[in-house]
Every structure is written in C-alpha cells, then in structure tokens.
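Working notes for the structure below.
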Amino acid sequence: YTVIVDSGGPTLTVTSPAEGAEFATSTGRITLSATASDSSGVAAVEFWVDGKLLVRDTSAPYSATWNVRK
C-alpha cells in the first residue's frame, strides 16, 4: 500500500471585505467571503468575530453574513 502524507497546510484567502476596509455600525449587514483549498480537501471554513463563532460553512463558496448594527 501507499501512504500519502499531506505535508502542506491549507490556504485561505479572505475575499470580502477587503483588507483595511472600514464601515459604520449603521451599515447593517456585511458579507464575509473566503476561498480555501487543501490538497486533501476542505471540510469547512469558520468565520469568527471577536472570539465568537459566527458561521461554519461546509461548502464553497464560503461566506457569512455579519450584522454589524449595534
């Protein structure tokens, strides 16, 4: 038999919002989007905000809606 070792880690790119983007809390909802890949597949992408799990998305395209209104 052959043993295949996945020695590379997964890659993740946040596609929205753009790095450094600013928005007011009156904006309401912000869409978070990301791409992810790994040679052995991606089971899920988790979106965390302030240490709390917002969404666990198990299928691409990976996204979440964040209500920033306070």
Side-chain angles (χ1 to χ4, degrees):
Y1 66 92
T2 302
V3 175
I4 300 173
V5 177
D6 182 3
S7 60
T11 60
L12 175 85
T13 302
V14 174
T15 56
S16 177
E19 184 175 346
E22 296 183 20
F23 46 88
T25 56
S26 61
T27 303
R29 299 180 188 274
I30 303 294
T31 299
L32 308 175
S33 304
T35 59
S37 63
D38 187 74
S39 62
S40 61
V42 175
V45 169
E46 295 179 341
F47 293 90
W48 291 75
V49 175
D50 296 331
K52 295 179 183 174
L53 180 62
L54 179 65
V55 170
R56 182 175 194 268
D57 194 344
T58 58
S59 61
Y62 304 103
S63 65
T65 301
W66 175 26
N67 186 353
V68 297
R69 188 168 287 147
K70 296 195 181 211

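Heavy-atom basis, side chains included; hydrogens, waters and symmetry copies ignored. Starting from 1, each residue takes its place in the sequence as its number.
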Query raised in the report: Can any side-chain N or O of T13 pair as donor or acceptor with the backbone N or O of T35 at less than 3.5 Å?
Result: no
Query raised in the report: Between P17 and L32, is any pair of side-chain heavy atoms under 4.5 Å apart?
Result: yes
If you look at every heavy atom in [X] and [Y], which pair is closest and at what distance?
X: T65; Y: L54; answer: O-CD2, 3.9 Å
X: T58; Y: A44; answer: CG2-CB, 4.0 Å
X: S16; Y: T31; answer: OG-O, 3.3 Å
X: S63; Y: V55; answer: O-CG1, 4.1 Å

Query raised in the report: What is the distance from atom CG of L12 to atom CG of D38, rounded to the nearest 0.5 Å?
Result: 11.5 Å
Query raised in the report: Residues two or more places apart in sequence or in another chain: which of them pass side-chain contact (heavy atoms from CB on, under 4.5 Å) with S59?
Result: D57
Query raised in the report: Who passes side-chain contact (heavy atoms from CB on, under 4.5 Å) against A60, sequence neighbours left out?
Result: Y62
Requested in this report: Report the C-alpha distance between S37 and T11 in whole Å, list the side-chain angles of each, state the deciding distance to 0.1 Å, and finish with yes or no for side-chain hydrogen bond (donor to acceptor under 3.5 Å, both in side chains).
Outcome: CA-CA 5 Å; S37 63; T11 60; 2.8 Å; yes
Query raised in the report: Please, which pairs that meet ring-ring contact (aromatic ring centres under 6.0 Å, His included) have at least one residue in residues 8-38, sequence neighbours excluded?
Result: F23-W66
Report task. Would you please test E19 and V14 for side-chain contact (heavy atoms from CB on, under 4.5 Å) and show each step? Result -> CA-CA 8 Å; E19 184 175 346; V14 174; over 6 Å; no
